[in-house]
Protein chains: 2
Amino acid sequence: MRSDAVANREALLAAARVELNLDPDASLEAIAARAGLSRRSVYGHFATRDELLRELITLGATRVAASVATVDHDDPLVRLALIASRLWHEVEDIRVMAVFAVRGPLKGHTAEALAPLRLRVVDSIAEGVAAGSVRRDIPVARLARLVEDAALSALAEASSDAMPGSAAHRLVILLVLSTAGLSAEQAAALIDTHPELDS
Amino acid sequence: MRSDAVANREALLAAARVELNLDPDASLEAIAARAGLSRRSVYGHFATRDELLRELITLGATRVAASVATVDHDDPLVRLALIASRLWHEVEDIRVMAVFAVRGPLKGHTAEALAPLRLRVVDSIAEGVAAGSVRRDIPVARLARLVEDAALSALAEASSDAMPGSAAHRLVILLVLSTAGLSAEQAAALIDTHPELDS
DNA sequence: AGTATATTGCACACAACTGTGCAAGTTACA
DNA sequence: TGTAACTTGCACAGTTGTGTGCAATATACT
């Protein structure tokens, strides 16, 4: 592959990231334009629109999963909070795109790349239940989905209502912990006693 | 208007309710077919697809708002829980459609009919904050949106993962209370000490 | 039974896309 | 500098929808 072709491929992915973050239904025309290319040449890099989207999602989801994989802490609740924190940082400037990937028509594909992350969440919750720090009134698998949903709600809220990044970051963690069963005070205490949750 | 025309209009709205609940992007063709009419005759009742959707949403949202308007209780938290409960009952069998109305492209229109309901939620939360029973770490307006989002998450969860209606009903209330800042135990206690939340 | 009212099928215009074929142009790079 | 690799514009086919005009038909209601 020629060097400019490589660069253009990158440019297309970057453009798609931006454009789909503005409007998940953005056309190839719009994406190509942002990349400084013609719609026609998109097909020189990706066979179909779908292929472009899948690649984009795979890259993003893998990156997120990889980042979250390095999280570690003995306390499952703190681990959960740390995961939420990492998630925020990884997704901060592609919030809409992230929500689209997880909730949109390609969610099945996203799920594959996100599987390890979700496994980690389920494990942490199960551990928390065993330790008595996470609610027992909702089955673990379901609670894991609801916790993820809470995080997405926070992302969406941060997208619509412009708020300072630090507030959004804290909000994601708070909602995750609240959904896990903590009271607002307990959640705040947990965050405040763990400075690594500020970064 | 002729009597059969009135009936067909109703049939179209009912069909749209069902069809859009299966797929929010359902075509007029599909809706008309379910109503036992031809696509062409839809235009005898509604000028555009948009008009049909708006009418549908107005009817539904108004009904929900009216039902919620009759909720009353001194304790703002219990009131919030009762609102969640009513919401569930009103929306139970059009969950997908409800989520579409609130999150989809017509959310602006939905907002009008839903305004009184949202006002009530904001008020209850504000009252709860004043009474010290609702979290103070998130601004009231934002918290109101997040509480609503939590309810929607519960609806979505109940839609995807088939669960008994009673469990879904309880889940909606639990998530609303958790988001409001209660611990899982506090939320459960509140529900269990208020039998009217079971109906 | 007669008439206003509804419904239907069909054709058509239109829009906004995706994806392809091909000839002509441009550019990396050996 | 030559050539393979890449990009472009344009035309075209195909898809899937919405919305309209119109003539033919069916139906409610008086």
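Residue numbering restarts at 1 for every chain, and letters A, B, ... go by the order of the sequence lines.
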Trainee: Assign each of A:Asp4 and B:Asp25 to its nearest nucleotide of DNA chain D by heavy atoms, then name whichever residue's nucleotide is nearer the 5' end.
Mentor: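 The 5'-side residue here is A:Asp4.
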
Trainee: Would you indicate which nucleotide in D:dT8, D:dC29, D:dA5 comes nearest to any side-chain atom of A:Arg2?
Mentor: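 Between D:dT8, D:dC29, D:dA5, the one nearest the side chain of A:Arg2 would be D:dA5.
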
Trainee: Is it true that B:Arg170 and B:Asp192 make a salt bridge, defined as a side-chain N closer than 4.0 Å to a carboxylate O?
Mentor: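 Counted as a salt bridge, because a side-chain N and a carboxylate O are separated by less than 4.0 Å.
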
Trainee: Do the non-hydrogen side-chain atoms of B:Glu148 and B:Val176 ever get within less than 4.5 Å of each other?
Mentor: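 A side-chain contact under 4.5 Å is absent here.
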
Trainee: Write down the distance between CZ (B:Phe46) and P (C:dT7), rounded to a whole number of angstrom.
Mentor: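 These atoms are roughly 11 Å apart.
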
Trainee: Consider the side chain of A:Arg40, meaning its heavy atoms from C-beta on, and name the nucleotide among C:dG21, C:dC17, C:dT27 that approaches it most closely.
Mentor: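 Of the options given, the side chain of A:Arg40 lies nearest C:dG21.
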
Trainee: Do A:Arg79 and A:Glu127 sit within salt-bridge range, that is, some charged N less than 4.0 Å from a carboxylate O?
Mentor: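 The answer is yes: the pair qualifies as a salt bridge.
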
Trainee: Can you tell which of C:dT18, D:dT20, D:dT7 lies closest to the side chain of B:Tyr43?
Mentor: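 The answer is D:dT20, which lies nearest to the side chain.
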
Trainee: Rounded to whole Å, how long is the line connecting atom NE2 of A:His45 with atom C1' of C:dT18?
Mentor: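 Going from A:His45 (NE2) to C:dT18 (C1'), I get 17 Å.
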
Trainee: Check every atom of C:dG19, D:dT7, C:dT8 against the side chain of A:Leu28 and return the nucleotide holding the closest atom.
Mentor: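 Nucleotide nearest to A:Leu28's side chain: C:dG19.
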
Trainee: Using 4.0 Å as the upper bound for N to carboxylate O, is an ion pair formed by B:Asp149 and B:Arg103?
Mentor: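 Looking at B:Arg103 and B:Asp149, the cut-off is met.
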
Trainee: Name the closest nucleotide to the B:Ser27 side chain, picking from C:dA6, C:dA28, D:dT18.
Mentor: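 Nearest listed nucleotide: D:dT18.
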
Trainee: Would you tell me if any nitrogen or oxygen in the side chain of A:Asn8 comes within less than 4.0 Å of OP1 or OP2 on D:dC6?
Mentor: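 So the side chain of A:Asn8 is outside the cut-off, no N or O lying under 4.0 Å from OP1 or OP2 of D:dC6.
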
Trainee: I want to verify a distance call: between D:dT8, C:dT18, C:dT27, whose nearest atom is closest to the A:Arg39 side chain?
Mentor: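 Of D:dT8, C:dT18, C:dT27, C:dT18 is nearest to the side chain of A:Arg39.
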
Trainee: Does B:Ser41 have a side-chain nitrogen or oxygen under 4.0 Å from the phosphate oxygens OP1 or OP2 of C:dA6?
Mentor: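 Checking B:Ser41 against C:dA6: no side-chain N or O falls below 4.0 Å of OP1 or OP2.
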
Trainee: Go through D:dC6, C:dT8, C:dA6 for me and flag the one nearest to the B:Ser38 side chain.
Mentor: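 Selected nucleotide: C:dT8.
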
Trainee: Quick check: on DNA chain D, is the nucleotide nearest B:Thr48 upstream (toward 5') of the one nearest A:Gly44, or the reverse? Name the residue that is more 5'.
Mentor: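 First, find each residue's nearest nucleotide; the 5'-ward one identifies A:Gly44.
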
Trainee: Heavy atoms from C-beta onward define the side chain here; which of C:dA6, C:dC29, D:dG19 lies closest to that of B:Met1?
Mentor: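 The answer is C:dA6.
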
Trainee: Roughly how many Å is it from CD in A:Glu29 to C1' in C:dA15, rounded to a whole number?
Mentor: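 The answer, rounded to whole Å, is 15 Å.
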
Trainee: For the side chain of A:Arg49, counting heavy atoms from C-beta on, which of C:dC29, C:dG19, D:dG19 is nearest?
Mentor: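 So the nucleotide nearest the side chain must be C:dG19.
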
Trainee: Would you please classify the geometry between the A:His73 ring and the A:His194 ring as parallel, tilted or perpendicular, with 30° and 60° separating the classes?
Mentor: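 Rings of A:His194 and A:His73: perpendicular, as their planes differ by over 60°.
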
Trainee: A:Leu37 has an atom CG; how far is it from atom C1' of D:dG9, in whole Å?
Mentor: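 A:Leu37 atom CG is separated from D:dG9 atom C1' by 14 Å.
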
Trainee: May I have the distance from B:Asp50 (atom CG) to D:dG17 (atom C1'), rounded to whole angstrom?
Mentor: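 Checked: the CG to C1' distance equals 14 Å.
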
